[in-house]
Amino acid sequence: MPRITLPVAALSAALFASTFPTLAQEHHGRHAEAFPRADANNDGVLDREEAQNLPRLARHFDSIDADGNGSLSPEEIRNHMHARMQAHREHSQQRFAKVDVNGDGGIDRDEAQATPRLARKFDAIDADGSGTVSREEIHAYRKGNRQARHC
């Protein structure tokens, strides 16, 4: 059997399928607050200079600027974020499925051995002690770690 390496972070991203609307709303909320501050001339779009105030947008300016007019509208930003999250979710679901060799929707201890990081943290992630890590358990584990880092 080929060895599959898969970090826990990538596995947890597979859970976006169930939480995407909430995550997208939270993420959009942060951009919705930042957008008006960056829009120095209050014209409702960000040009390249204004986008420099939001480094992540500035780095991806050309790929976000779908119509190629040299400015980013809130709709273009939302569409770009949605497309990136969708691609990330699909990729993560595929990777989860590769580790879930028997296709039962969970990763047991033997399957986890193909992913050293998951294998090391298996007991911490397997919250119900069932011997199988579900997508929900991975999500809860990642969410708990994310919240602990932000405290």
Side-chain angles (χ1 to χ4, degrees), residues 1-38 45-46 48 51-68 71-151:
M1 177 185 329
R3 184 169 174 84
I4 302 170
T5 59
L6 181 63
V8 173
L11 281 173
S12 68
L15 300 168
F16 280 173
S18 62
T19 59
F20 175 70
T22 302
L23 291 173
Q25 289 166 355
E26 290 172 10
H27 195 66
H28 170 67
R30 289 190 300 258
H31 279 289
E33 294 170 9
F35 190 95
R37 289 192 305 265
V45 296
L46 301 181
R48 281 188 193 278
Q52 296 305 312
N53 294 313
L54 302 170
R56 189 172 278 170
L57 290 181
R59 276 194 307 275
H60 300 284
F61 191 95
D62 291 326
S63 62
I64 299 170
D65 184 14
D67 60 11
S71 64
L72 305 180
S73 69
E75 182 179 7
E76 286 174 315
I77 295 168
R78 276 191 304 276
N79 290 343
H80 180 77
M81 286 177 17
H82 178 75
R84 286 181 57 103
M85 290 181 83
Q86 178 71 23
H88 185 69
R89 179 175 61 235
E90 289 170 5
H91 178 74
S92 297
Q93 288 172 334
Q94 291 169 356
R95 293 187 74 165
F96 188 97
K98 284 182 183 178
V99 176
D100 180 18
V101 177
N102 65 7
D104 67 354
I107 298 173
D108 62 35
R109 196 173 297 279
D110 289 337
E111 291 169 326
Q113 296 308 309
T115 308
R117 192 179 210 179
L118 177 59
R120 279 192 312 273
K121 298 179 182 198
F122 191 89
D123 290 329
I125 298 169
D126 184 17
D128 64 3
S130 67
T132 301
V133 172
S134 68
R135 291 178 179 182
E136 292 79 14
E137 287 173 314
I138 292 171
H139 174 69
Y141 177 82
R142 293 285 299 153
K143 184 176 180 180
N145 283 346
R146 224 179 4 257
Q147 288 173 342
R149 283 193 309 261
H150 294 294
C151 291

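The structure places CZ of Arg59 at 6.0 Å from CZ of Arg56, a figure rounded to the nearest 0.5 Å. Rounded to the nearest 0.5 angstrom, Glu90 CD and Arg95 CZ are separated by 15.0 Å. Between the CD1 atom of Ile138 and the CZ atom of Arg135 there is a distance of 8.5 Å, given to the nearest 0.5 Å. Note: Ser63 OG to Glu76 CD = 10.5 Å, rounded to the nearest 0.5 Å. Rounding to the nearest 0.5 Å places CZ of Phe96 at 14.0 Å from NE2 of His91. Here the straight-line distance linking atom CG of Leu57 with atom CD1 of Ile64 works out to 4.5 Å at 0.5 Å rounding.
Contact detail for Ser73 and Phe35: the closest heavy-atom pair is C-CE1, 4.4 Å. Residues Ser71 and Asp65 approach most closely at O-OD1, 3.1 Å, considering heavy atoms. What you find for Ala119 and Ala112 is that their closest heavy atoms are CB-O, 3.5 Å. Nearest heavy-atom pair, Ala51 versus Ala58, reported as atom, atom and distance to 0.1 Å: O-CB, 3.5 Å.
Asp100 contributes no side-chain N or O that, together with a main-chain N or O of Ile107, makes up a donor-acceptor pair within less than 3.5 Å. A donor-acceptor pair under 3.5 Å links the side-chain atoms of Ser130 to the main chain of Thr132, judged by distance alone. At least one donor-acceptor pair closer than 3.5 Å links the side chain of Ser134 to the backbone N or O of Glu137. No donor-acceptor pair closer than 3.5 Å links the side chain of Glu111 to the backbone N or O of Lys98.
A 6.0 Å sphere centred on CD of Glu75 holds no more than 12 heavy atoms belonging to other residues, nucleotides or ligands.
The pair Asp62-Arg48 counts as a salt bridge, with a side-chain nitrogen and a carboxylate oxygen less than 4.0 angstrom apart.
Looking only at side-chain heavy atoms (C-beta outward), Met85 and His82 stay at 4.5 Å or farther from each other. Put simply, the side chain of Val101 does not reach to within 4.5 Å of the side chain of Val99, judged on heavy atoms. Taking 4.5 Å as the limit, every side-chain heavy atom of Val133 sits out of range of all side-chain heavy atoms of Tyr141. Side-chain atoms of Leu46 and Asn53, non-hydrogen and from C-beta on, never get closer than 4.5 Å to each other. Contact of the Lys121 side chain with the Asp126 side chain is not registered, since no non-hydrogen atoms from C-beta on lie closer than 4.5 Å.
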